[in-house]
Protein chains: 2
Amino acid sequence: MADSDRMAESDRMADETAQVGRPRNEAASAALKAAALRLVRTEGYGVSVSAIIREAGVSRQTLYNRWPTKAELVLDAFFELAGMQVATPDLGGDTPRRDLLATFLREVFGHLRKDADLLRTLIAEAQTDPGFRAVFFDRFVRPREEIVLALLRDAQARGEMNAGRDPDLASAMIHGAFWYRLLNDRPLTDAVADGLADEVFR
Amino acid sequence: MADSDRMAESDRMADETAQVGRPRNEAASAALKAAALRLVRTEGYGVSVSAIIREAGVSRQTLYNRWPTKAELVLDAFFELAGMQVATPDLGGDTPRRDLLATFLREVFGHLRKDADLLRTLIAEAQTDPGFRAVFFDRFVRPREEIVLALLRDAQARGEMNAGRDPDLASAMIHGAFWYRLLNDRPLTDAVADGLADEVFR
DNA sequence: GCAGTTAGTAGACTGCAGTCTAATTATACA
DNA sequence: TGTATAATTAGACTGCAGTCTACTAACTGC
């Protein structure tokens with residue numbers, strides 16, 4: 001298997017190998033992502049691949065030339081078009097780390113309220129497709145985990161959190177509470193975000 | 001839709017309505033559960049329904065007369081045959097509640113180590129099938145949640161935990177950490193169980 | 001222009017879960 | 001013995017994601 005087979009579609013342009021053969025039509029990628037996000041939001045993840053390619057106006061093979069599965073197309077569309085970027089908390093200032101954590105969690109929960117069903121489906125897809133699980137971990141899980149870990153370690157360094165605590169375990173409890181509530185259909189409110197920050201810094 | 005359509009297969013015998021028509025062959029249910037659990041454990045959840053009914057020696061329709069989906073058959077097989085029952089912690093004695101929680105979590109993690117992949121798949125199925133989600137919640141999520149909630153409330157009543165804490169949030173952090181590690185392919189060790197108990201009772 | 005290479009198209013194909021059909025079988029009751 | 005009812009069977013069928021085939025189109029380099 002060539003490396004490029006598992007490469008995120010958007011990174012492929014960075015390949016500077018001399019071009020040979022017919023060039024890829026980049027408009028098709030954009031059309032596919034736009035169609036996928038729109039249809040998944042209006043009809044749910046169960047929308048068929050046939051409907052997506054019909055709306056994008058491309059052939060089936062063109063989709064599978066770019067993404068190995070429907071899940072990876074939807075993941076790309078979701079992250080590029082749905083405003084999923086979260087601001088990394090500013091650890092330079094003097095804001096109490098408990099407050100930075102609460103703000104971060106409020107922001108994450110807020111972004112997700114609109115697309116909770118979609119995120120649940122992507123987590124589900126990750127359970128039955130190891131390749132997609134790795135991609136999902138890199139794009140969604142790890143970045144959020146590293147933000148929280150950096151924040152907790154900084155809080156320990158500043159004496160706002162006991163140095164004996166295990167940041168990995170605390171991070172699993174924070175993200176876990178979020179996943180658990182998401183996967184069991186319970187709302188992710190600002191009150192939950194604040195409560196989690198209070199519990200961790202108690 | 002009749003109530004019985006969503007009734008757990010094993011509860012149906014409790015229906016004492018006078019029998020009319022050909023009686024259900026109960027041996028077929030047992031054969032299906034045994035075949036499902038054996039094949040899912042050896043070949044993974046991806047094993048086909050055709051393979052399960054072939055091994056059980058029954059027809060396709062006989063399976064779907066008893067369970068609405070493959071997931072519900074596997075769930076029944078898992079809970080009845082895989083020794084998933086956990087002992088409810090004894091809140092009558094004087095054992096510190098932190099220790100009861102640690103023991104409970106060790107037991108849950110231990111049972112799951114053997115069938116972690118299967119449980120992950122069932123959680124995934126629950127995300128795309130609301131009917132199955134309800135069944136899974138009743139059989140797996142709620143019982144474990146209620147055990148932990150009762151333990152935490154008892155600990156508060158005994159003064160082993162601050163009365164101001166929110167047991168629902170603490171429970172979500174405990175179970176969440178477990179789900180998060182399970183769904184992200186990280187091991188559920190005794191050390192994690194003990195660490196969670198320590199964090200909650202810190 | 002022509003060869004080589006790669007992306008594009010339409011659509012057939014595979015294997016899957018779950019539904020449906022038609023015929024058969026086991027029971028209760030009259 | 002016959003009728004009503006519901007479970008059983010084999011297997012066809014539907015709609016799905018993803019693969020494959022045969023062909024066409026766009027580009028590079030000679």
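Keep in mind that what you see is a predicted model, and the values were worked out from it rather than measured. Atoms considered below: every heavy atom in the structure, side chains included; atoms not considered: hydrogens, waters and symmetry mates. Lettering of chains follows the sequences in order, A, B, ..., and the numbering in each one begins at 1.
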Indicate the ring-plane relationship of A:F178 and A:F140, choosing parallel, tilted or perpendicular according to the 30° and 60° boundaries.
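Rings of A:F178 and A:F140: tilted, 30 to 60°.
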Enumerate the residues from residues 39-49 of chain A whose closest heavy atom to DNA chain D is under 4.0 Å, giving them by residue number; use none for an empty result.
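Heavy-atom cutoff 4.0 Å gives A:V47, A:S48, A:V49.
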Hey, what bend do you get for the helix from C:dG1-D:dC30 to C:dA30-D:dT1 if you fit axes on five pairs at each end, rounded to 10°?
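So the angle between the two local helix axes works out to 0°.
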Using the closest heavy atom to pick a nucleotide of DNA chain D for each, name whichever of B:G21 or B:A28 lands nearer the 5' end.
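Taking each residue's closest nucleotide, the earlier one in sequence belongs to B:G21.
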Rounding to a whole Å, what distance do you find between [X]:[atom1] and [N]:[atom2]?
| X | N | atom1 | atom2 | answer |
| --- | --- | --- | --- | --- |
| A:N25 | D:dC27 | CG | C1' | 13 Å |
| B:D129 | C:dA17 | CG | P | 14 Å |
| B:R24 | C:dA28 | CZ | C1' | 18 Å |
| A:Q61 | D:dA22 | CD | C1' | 12 Å |
| B:Y64 | D:dA7 | OH | P | 18 Å |
| B:N65 | C:dT24 | CG | P | 19 Å |
| A:L63 | C:dT9 | CG | P | 11 Å |
| A:I53 | C:dG8 | CD1 | P | 13 Å |

Think A:R142 forms a cation-pi with A:F137, using NZ or CZ under 6.0 Å from the six-ring centre and within 45 degrees of its axis?
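Pair A:R142/A:F137 does not count as cation-pi.
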Using the ring of B:Y45 (Phe, Tyr or Trp, six-membered ring only), decide whether B:K70 places NZ or CZ under 6.0 Å from its centre and within 45 degrees of its axis.
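Verdict for B:Y45: a cation-pi partner in B:K70.
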Tell me yes or no: between the side chains of A:Y180 and B:E145, is some donor less than 3.5 Å from an acceptor?
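Yes, side-chain donor-acceptor contact under 3.5 Å.
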Would B:R60 and B:S50 count as having a side-chain donor-acceptor pair, cut-off 3.5 Å?
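Judged by distance alone, the side chains do pair up.
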Could you check whether A:E199 pairs with B:R165 (Lys NZ or Arg NE/NH1/NH2 to Asp/Glu carboxylate O, under 4.0 Å)?
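Looking at B:R165 together with A:E199, the answer is yes, because their closest N to O distance falls below 4.0 Å.
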Between B:D190 and B:R113, does at least one N-O distance fall below 4.0 Å, as a salt bridge requires?
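Judged by the 4.0 Å cut-off on N to carboxylate O distance, B:D190 and B:R113 do form a salt bridge.
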Begin with the C-alpha distance, continue with both residues' side-chain angles, and end with the deciding distance and a verdict on side-chain contact (heavy atoms from CB on, under 4.5 Å) for A:L75 and A:F136.
CA-CA 8 Å; A:L75 183 70; A:F136 183 75; 3.8 Å; yes
Can you find a donor-acceptor N/O pair under 3.5 angstrom joining the side chain of A:R60 to the base of D:dG18?
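Indeed, a donor on one side and an acceptor on the other fall under 3.5 Å apart.
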Report yes if a donor N or O on one partner sits less than 3.5 Å from an acceptor N or O on the other, where the partners are the side chain of B:R22 and the base of C:dT25; otherwise report no.
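When only heavy-atom distances are counted, B:R22 does reach the base of C:dT25 through a donor-acceptor pair under 3.5 Å.
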Presence of A:S50 side-chain N/O under 4.0 Å of D:dA17 phosphate oxygens OP1/OP2:
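Checking D:dA17 against A:S50, no side-chain N or O comes under 4.0 Å of OP1 or OP2.
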Taking the side chain from B:R133 and the backbone from B:A126, do they hold a donor-acceptor pair closer than 3.5 Å?
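Present.
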